Amino acid sequence: MKRRQHGHSHGRQELSALTGRLRQQSRKVTGPRAAILEILRGHPHPLMNKEIFAAMPAGRCDLATIYRAMHLLEEMGMVKRFDFGDGAARFELVGEGDDGHHHHLVCTRCAEVIEIEECFPSAIESRIAAANGFKHVTHKLEFFGLCPECQ
Ligand SMILES: [Zn+2]
Ligand SMILES: [Zn+2]
Ligand SMILES: [Zn+2]
């Protein structure tokens, strides 16, 4: 296992830098989008749309607005979608100049989430790509288990 070069840097980005990235891509920094970025910035782990909605100031927007905003932010590469196998999309901020690639260790009993910075050696991907004639092979992977509290 090798360590990733860059830790994902969400949580350390200034909100002004994030809204600046929105403006660079000529997207309006609507109130809800700025509020969503602020909420994600304050959370170290991926959030579901309904969790983002619950964290929004009351009456700021409806759940459908959150869904649309997350779709847009994902298209812009500002958030990354993660799948913990329960059918709910989860989103995390992506640091500037980072592709957001990393993994999680999830407790199957209490849903605690640990950020995992380790990743497969790239030789494995190269081998899989070469053996099947593929290019640009990547992977998605999450780990599951019981946390110390739940054992
Ligand atoms: Zn993460
Ligand atoms: Zn647990
Ligand atoms: Zn990986």
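Everything numeric in this text was worked out from a predicted model, so none of it was measured. Atoms within a ligand are numbered from 1 in the order they appear, just like the ligands themselves.
- Annotation: Gln151, atom CD; neighbour count of heavy atoms from other residues, nucleotides and ligands within 6.0 Å is above 12.
- Taking the six-membered ring for Trp, Phe84 and His104 have ring centres closer than 6.0 Å.
- Excluding waters, the set of protein N, O or S atoms lying under 2.8 Å from the Zn ion (ligand 3) comprises His101 NE2, His103 NE2, Cys119 SG, His139 NE2.
- The backbone N or O of Cys61 lies less than 3.5 Å from no partner atom in the side chain of Thr65, so there is not a single donor-acceptor pair.
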Residue pair His102, Glu92: steps toward the side-chain hydrogen bond (donor to acceptor under 3.5 Å, both in side chains) verdict = CA-CA 11 Å; His102 66 280; Glu92 232 177 88; 3.0 Å; yes
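- Side-chain N/O atoms of His139 and Glu125 include a donor and acceptor closer than 3.5 Å.
- Of the possible polar contacts, one joining the Arg109 side chain to the Cys150 backbone as a donor-acceptor pair under 3.5 Å is found.
- A distance-only check finds a donor-acceptor pair linking the side chain of Asn132 to the backbone of Ile128 [under 3.5 Å].
- If you count the protein N, O or S atoms nearer to the Zn ion (ligand 2) than 2.8 Å, you get 4.
- Side-chain atoms of Leu47 and Ile39, non-hydrogen and from C-beta on, do get closer than 4.5 Å to each other.
- For His103 and Phe120, the ring centers sit 6.0 Å or farther from each other.
- Summarising the geometry, atom CG belonging to Asp86 is positioned 6.5 Å from atom CE belonging to Met48; distances are rounded to the nearest 0.5 Å.
- Nearest to the Zn ion (ligand 1), among the N, O or S atoms that Glu115 has, is OE1.
- Under 2.8 Å from the Zn ion (ligand 1) lies no N/O/S atom of His45, from backbone or side chain alike.
- Rounding to the nearest 10°, we obtain 90° for the angle at the Zn ion (ligand 1) between His104 NE2 and Glu92 OE2.
- Under a 4.0 Å N-O distance rule, the pair Glu74/Arg81 qualifies as a salt bridge.
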